[in-house]
Amino acid sequence: MRYKILFFVLLATFCRADDGYRLWLKYDLIKDPGQRAAYARSAQFIVLTSNSPTLKAAADELQTGLRGLLGKTVPIVASAKTGGIVLSTNPNQPQVNDEGYQIVGKQNITISSKTDAGVLYGAFAFLRHLQTQQPIANLSLTSNPKIQHRMLNHWDNNDGSIERGYAGGSLWKWYELPERIDPRYRDYARANASVGINGTVVNNVNASSRFLTAEYLKKVAALADVFRPYGIKVYLSVYFPAPRTIGGLKTADPLDPEVNKWWAEKVNEIYKFIPDFGGFLVKANSEGQPGPQDYNRTHADGANMLAKALAPHKGIVIWRAFVYKADPNGDRFKAAYEEFKPLDGQFEKNVIVQVKNGPIDFQPREPFSPVFGMMPKTPLGMEFQLTQEYLGFATHLVYEAPIFKECLDSDTYVSGKGSTVAKVIDGSLHQYPLTAIAGVANTGSDRNWTGHPLAQANWYAFGRLAWDHTLSSEAIADEWVKMTLTQEPRSVKTVTDLLLKSREIYVNYNTPLGLSRPWTGVHFAPEPWQNRSPRPDWTAVYYHRADSIGLGFDRTASGSNALAQYHPEVQKQWNQLETCPLPYVLWFHHVPWTKKLSSGRTLWEELCTRFYTGADSVRWLQQQWAQVKPDVDAETFADVTGRLATQQKEAIWWRDAWVLYLQEYAKQPIPAPYKKPDRTLREVKELVDVYLTR
Ligand code: GCW
C-alpha cells in the first residue's frame, strides 16, 4: 500500500509534462494524504442502480476522477451500503428543476436529480468540490441552471477549417465520420457536461447546405450518438436557400407551400437520423447570406416556416439578430433593433432570437445591445464569443468572464431598476417560455483545445455562467486555476489576479475609452487608417471618426441618435459627455481632442495614458506569470511565457499604430512621461501590411 502511494507521489512529482489535453478535468493526485483519506472514507464505492447511458457516464466519470484524485479504484456497485456515493434519478425530487441537482452527504453521499442529466451535472459538481479541496462533511449542495439551452456554436466548415478559429482545425473529422469515431469527441462531451453545456451547433452559421444531405446527416448523427449520454443535443446551422440548392426547387420563399413541404420533409428525415435533434441556427440576410428578405418576407416569416417544420419534433429555431446594411449615412449600431423590434410577438413559440452581447460585433468592450429588454414577447437568447476574434487570437491573454458579466449585469431599466440583461435572457423579466445562451466556441484540433493554454478558462467560464450567471468572475477563475494549473495558494492568487486584470489591460492598448475596430480583414492587426473597402461600414474610419476636431461616434440626438433605442434611464447615463462613463465615452460622443474628461486629463492625454499604460501592463502580466513557475507544469509555463512575449510585442504595435495615427489629427505631442514611439507612422503601416499579407 505504502509503495503504491509512493508511486503516485513520484508520478505526480516527476511526470509533470502536461499538454493541456485534460483541461480542468485533470484529477491529479491530491497531495495531502490526510485530505485524501478523508475523501476516500466517503467514497468507498459508487452505487449505480440503472443502466441508463447517462448515469453510467456519471459513474464512470466519478471512478476516473476518484482514481486520479485519491489514487485508488473505487468500485461501481449495484446496491447501497454506507460510505459511498449514490446516484439517484427521482422524477419527484424537490427543490430542483429538470437539470438541477442536489448533493447531500449523510451516511452516503447522494447525488440526485429529476433527470439523469441532472445527476451527471451533480457528479461533475461533486468532483469539482474535491478538485478544489473543499470539505465534504455534511455536504449539502443544491444547484439549478437558470437558462435552459446552454450551447456552443461552432463556426466549423465542412473542409475542416474554422471561421475565426485560432486553435487549429475543426474537431470534427467529417471525412472519417461516421465510420471512425475520434475518442476526442467523447472528451469534448465530458468537458461540456462538466460545466453544464447541453447543446452544440456543429457547423458554421455561414452554412453550407451540404450539412442537410443524407451523407452529412449520417456524420452528424454519429456525433450526436457520442454526445447523447452527456446530455448534449446537436443542432445544425442551415443555409436558407437549401430548398433551391439541394432540393431542386425554384425558390426558397418561406411562404411558398412547396418550400414549406420541403423543409417539413427534410426535418422528418433529420429526426430519423437524430431522434433528439435540437433544431436550427440561422444567419439570414446578414453579411451577404441569403434570407427571407430576398423574397420580400420578414425574419419572422423565415423563422416561422422552419419552426413549424420542427415543432412536431419539439425542435427549436434559433434565429440570429446579427444584421446590418451597407449604408454610409446609417449607423450599424441601430440595425438589429430596427429590424427586429417591429417583429416582437410575431414569432412562433419555438423560436428564439439570438442577439450578440453588443450592438456591433464582439468588440473588446461594447455597451449591451439595445435589443435586450425591448422584445418582451419574443424570447431573446445571448450570443457571446469565446474565440478571440477581436481579442488577439491565441496569443493575447484575455479572460472573458468580466466581458460576459459586464453585459449580463447591465441594467436595461425596461421594467424598473434591476431589469438586468441576465434577467432578460434567463426569462425571469418577461416570462419567456424558452431561454438560451450561446458561446461561439474557441476550441480546435490543437492538443490543448484552445491554443492559448489560459484560454481554456474562457470555455470553462462560459459554461459556468450559462448555468448560473450570478457566479463572480473571480470565483470562476479561482476554481479553474485550482483544477487546471496549481493548488498552491500564492500562485492561485497570482494567476487569478492576472486573469481578472487581463481584459482591461487588453482594452487599454487596443480600444480604450470606447473605441471599436470591427473593420474588414483579419481582425488582428491595428489598422486605424483603413478607409477603403467595398462597404463603408467595413472601414476603420467609419467607426472611430477621427477628424481635426476630435474622435468618436456621436450617437446622441445630434448624431445618429442610436441612444434613443435604450430606455430613458440608460440614455440618461450615457447621453451627456460630462457624465458618460469613460469606458463608453467614444461609443456615444465625438469628443474634442482638448476636452477635459472626468479623469482631469484631456481626451488626447487620456488616450495616450491608456495606450501606454496598457502596453506597459503586459510587462506586469509577464512578471506575474514568471512568479508562478515553481507551481505550474513546465510545458504550460513555457507555452504561456512565449505567448506573453508575443503579446508584449504586439501591444506596442497597437499602441504605436493608434497613437501615431491619431496624432495626425490631434496635432499634439505625446504627453510626458511617455516617450514617443521609436518608429514612424509609415513604418508601423509597413509592418502591419507585411503582417496582413503574410
Ligand atoms: O464578426 C463577424 C465575423 C464573421 C462572422 C460574423 C457573424 C460567422 O467576422 O466571421 O461570421 O461576425 O457573427 O455572423
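Whatever order the structure lists them in is the order used to number ligands and atoms, beginning at 1.
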_My understanding is that only residues two or more places apart in sequence, or in another chain, count here; which of them pass side-chain contact (heavy atoms from CB on, under 4.5 Å) with Thr200?_
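Residues passing side-chain contact (heavy atoms from CB on, under 4.5 Å) with Thr200: Leu152, His154, Tyr188, Val202, Phe227, Ile232, Val234.
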*salt bridge (Lys or Arg N to Asp or Glu O under 4.0 Å) contacts in which one or both residues fall within residues 277-297, not counting sequence neighbours*: Asp253-Arg297, Lys283-Glu287
N/O to N/O under 3.5 Å, ligand 1 against protein:
residue: ligand 1; atom: 1 (O); partner: Asp361; partner atom: OD1; Å: 3.0
residue: ligand 1; atom: 1 (O); partner: Asp361; partner atom: OD2; Å: 2.1
residue: ligand 1; atom: 1 (O); partner: Glu389; partner atom: OE2; Å: 3.4
residue: ligand 1; atom: 9 (O); partner: Arg164; partner atom: NE; Å: 3.0
residue: ligand 1; atom: 9 (O); partner: Arg164; partner atom: NH2; Å: 2.9
residue: ligand 1; atom: 9 (O); partner: Glu389; partner atom: OE2; Å: 2.5
residue: ligand 1; atom: 10 (O); partner: Glu163; partner atom: OE2; Å: 2.4
residue: ligand 1; atom: 10 (O); partner: Arg164; partner atom: NE; Å: 2.8
residue: ligand 1; atom: 11 (O); partner: Glu163; partner atom: OE2; Å: 3.1
residue: ligand 1; atom: 11 (O); partner: Asn206; partner atom: ND2; Å: 3.2
residue: ligand 1; atom: 11 (O); partner: Lys283; partner atom: NZ; Å: 3.2
residue: ligand 1; atom: 12 (O); partner: Lys356; partner atom: NZ; Å: 3.1
residue: ligand 1; atom: 13 (O); partner: Arg320; partner atom: NH2; Å: 2.6
residue: ligand 1; atom: 13 (O); partner: Lys356; partner atom: NZ; Å: 2.6
residue: ligand 1; atom: 14 (O); partner: Lys283; partner atom: NZ; Å: 2.6
residue: ligand 1; atom: 14 (O); partner: Arg320; partner atom: NH1; Å: 2.8
residue: ligand 1; atom: 14 (O); partner: Arg320; partner atom: NH2; Å: 3.4

*asked:* Regarding Glu406 and Arg503, does a basic nitrogen lie under 4.0 Å from an acidic carboxylate oxygen?
replied: yes
*Please determine, by modelled atom types, if Asn304 and Glu348 share a side-chain donor-acceptor pair under 3.5 angstrom.*
no
*Sequence neighbours excluded, which residues qualify as side-chain hydrogen bond (donor to acceptor under 3.5 Å, both in side chains) partners of Lys233?*
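For Lys233 there are no side-chain hydrogen bond (donor to acceptor under 3.5 Å, both in side chains) partners, ignoring immediate neighbours.
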*Taking all non-hydrogen atoms of both residues into account, name the closest pair between Pro528 and Ala540 and its distance.*
O-CB, 3.5 Å
